[in-house]
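All remarks here apply to the structure that follows.
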Amino acid sequence: MSSPRPIPDPASLAQFSRSIRARSLNPLWERDVSQKPGTPCAPHIWRWSDVEPELLRACELIGAKDADRRVLMLENPAMKGTSFVAQTLFAGLQIILPGEVAAAHRHTPNALRFVMQGEGAYTAVDGERAAMKPGDFVVTPNWSWHDHGNIGAQPVVWMDGLDSAFTKFFGATFREDYPEETQPLHRAEGDSLAAFGAALLPVDYKPGGARSPLLVYPYERTREALAHLQRSGGPHPAHGVRLRYANPGSGGYPFPTMAAFMRLLPKGFAGRASRSTENQVFNVAEGSGRVRIAGMEFDFGPHDIFVAPSWCEVAFTAHRECVVFSYSDRAAQEAMGFFREAEPQG
Ligand code: 1HN
């Protein structure tokens with residue numbers, strides 16, 4: 001046993017405190033070191049009825065040439081000035097009018113698109129073009145050239161999800177414009193789906209990268225898979241019938257950072273609460289219901305978007321059969337060993 005330490009005199013402590021602070025040193029023992037989950041992000045819903053008129057107004061005021069991308073960012077109201085929807089994620093709503101082109105560029109953040117409304121738009125990623133239809137999940141891996149266009153007759157809206165909070169955090173955000181407005185295409189439309197979208201792989205394909213080689217995950221197939229699984233297995237008590245979008249080369253997530261999911265909640269579903277360390281953004285493809293996030297109740301309908309921050313309890317109720325897309329930072333959390341989930345009882 002060490003002998004009791006004499007109580008230091010206040011003048012010595014004050015002198016010590018000034019001395020260390022002048023050297024950019026701070027005492028850990030004076031800091032709140034209760035290590036707890038959670039973030040400054042608040043649960044929030046963006047309702048389509050509020051958002052759609054603003055997107056259409058943006059089309060009147062902002063031409064395709066005035067904006068690199070005509071995107072309204074979904075900024076978390078508790079994180080003003082950050083541009084982020086959650087501590088780790090970006091979310092935006094992009095609208096592209098018939099005849100418009102969003103010029104080719106590339107950047108270090110990974111991007112996903114979830115198509116919400118309209119037909120006739122395409123995205124081109126690394127030399128392959130893909131038509132975008134409502135409900136499709138589209139992958140734009142880090143540093144791949146991408147441009148979009150609308151060759152149809154209707155405005156097209158999709159949600160952009162990016163992991164730009166990660167590149168910002170690491171100081172690793174880079175971006176480059178392609179010298180032309182659009183990139184040359186060197187693969188036929190549908191190539192990546194044919195090569196990677198049927199539980200078959202090109203023989204010489206070497207899985208290894210954390211990026212999905214599949215460009216589009218068509219809604220038709222997702223919807224069909226959900227309907228089958230609903231008939232055969234029934235819903236999970238908290239998550240309903242839930243599928244994860246996979247990198248067909250590895251079975252892992254489509255990005256090293258972001259995971260994406262689609263769930264079906266049968267009509268009348270009253271889900272148990274669950275919580276996880278995921279920061280999650282939800283986008284309602286079909287149906288209506290109610291979600292409780294950290295005690296806040298939000299009624300939702302088609303195209304509404306809501307955010308559930310890390311370690312908040314989330315519980316769903318479905319008034320009609322619902323199909324809900326979500327993406328999260330779970331891929332990164334699992335890779336780093338931080339991911340946890342729990343289903344609180346009662
Ligand atoms: C971006 O490049 C796109 O390519 C959309 O469509 C949203 C948000 C932040 C940074 C880059 C796109 C974006 C973005």
Side-chain angles (χ1 to χ4, degrees), residues 46 51 54-55 58-59 62-76 79-118 120-134 136-152 155-183 185 211-212 215-216 254-255 257-258 260 279 281 283 305 307 325 327 329:
W46 287 265
V51 166
E54 305 297 355
L55 283 169
C59 292
I62 311 292
K65 300 272 183 259
D66 304 328
D68 179 41
R69 298 288 192 263
R70 196 189 287 107
V71 173
L72 289 179
M73 301 187 288
L74 306 179
E75 187 181 69
N76 193 279
M79 295 168 48
K80 289 217 157 64
T82 62
S83 307
F84 295 127
V85 66
Q87 191 102 308
T88 49
L89 298 171
F90 173 95
L93 288 174
Q94 182 158 174
I95 183 162
I96 183 163
L97 296 177
E100 288 182 345
V101 168
H105 68 200
R106 62 180 178 182
H107 37 67
T108 45
N110 292 281
L112 63 82
R113 333 255 168 228
F114 181 68
V115 186
M116 295 170 64
Q117 196 170 76
Y122 67 83
T123 186
V125 178
D126 272 347
E128 182 177 340
R129 199 185 253 200
M132 298 165 94
K133 300 214 190 70
D136 289 356
F137 167 62
V138 182
V139 166
T140 310
N142 125 300
W143 210 238
S144 49
W145 294 114
H146 54 285
D147 50 274
H148 322 296
N150 186 342
I151 49 177
V156 175
V157 178
W158 64 77
M159 176 174 73
D160 294 302
L162 279 84
D163 60 4
S164 43
F166 286 83
T167 59
K168 182 173 184 198
F169 182 69
F170 289 122
T173 308
F174 294 86
R175 175 215 144 97
E176 211 169 82
D177 285 313
Y178 194 75
E180 315 286 332
E181 190 173 49
T182 56
Q183 62 182 301
L185 302 173
R211 55 159 56 188
S212 176
L215 173 51
V216 183
F255 302 101
T257 44
M258 295 184 288
N279 294 281
V281 177
N283 188 315
I305 298 172
V307 57
F325 172 82
Y327 69 102
D329 52 14

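Read the numbers this way: they start at 1 and go in the same order the structure lists the ligands and their atoms. No experiment lies behind these values; they were computed from the predicted model shown.
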Report task. Check the side chains of Asn142 and Asn110 for a donor-acceptor pair under 3.5 angstrom, ignoring hydrogens and angles. Result -> no
Query - Asp126 side chain to Ser144 backbone, donor-acceptor under 3.5 Å - result: no
**Report entry** Residues Arg106, Asp147; criterion salt bridge (charged side-chain N to carboxylate O under 4.0 Å, His left out); working and verdict
**Finding:** CA-CA 9 Å; Arg106 62 180 178 182; Asp147 50 274; over 6 Å; no
Using a 3.5 Å cut-off and no angle test, enumerate the donor-acceptor pairs between side-chain atoms of residues 80-93 and protein atoms at least two apart in sequence or in another chain.
{"residue": "Thr82", "atom": "OG1", "partner": "Met79", "partner atom": "O", "Å": "2.6"}
{"residue": "Thr82", "atom": "OG1", "partner": "Phe84", "partner atom": "N", "Å": "3.1"}
{"residue": "Thr88", "atom": "OG1", "partner": "Asp329", "partner atom": "OD2", "Å": "2.7"}

Query - Verdict with reasoning, Asp177 to Arg175, per salt bridge (charged side-chain N to carboxylate O under 4.0 Å, His left out) - result: CA-CA 7 Å; Asp177 285 313; Arg175 175 215 144 97; 2.4 Å; yes
Report task. Return the orientation label for the Phe325 and Phe137 ring planes: parallel under 30°, perpendicular over 60°, tilted otherwise. Result -> tilted
Query raised in the report: If you count only heavy atoms, which residues are under 4.0 Å from ligand 1?
Result: Arg69, Phe90, Gln94, His105, His107, Arg113, His146, His148, Asp160, Leu162
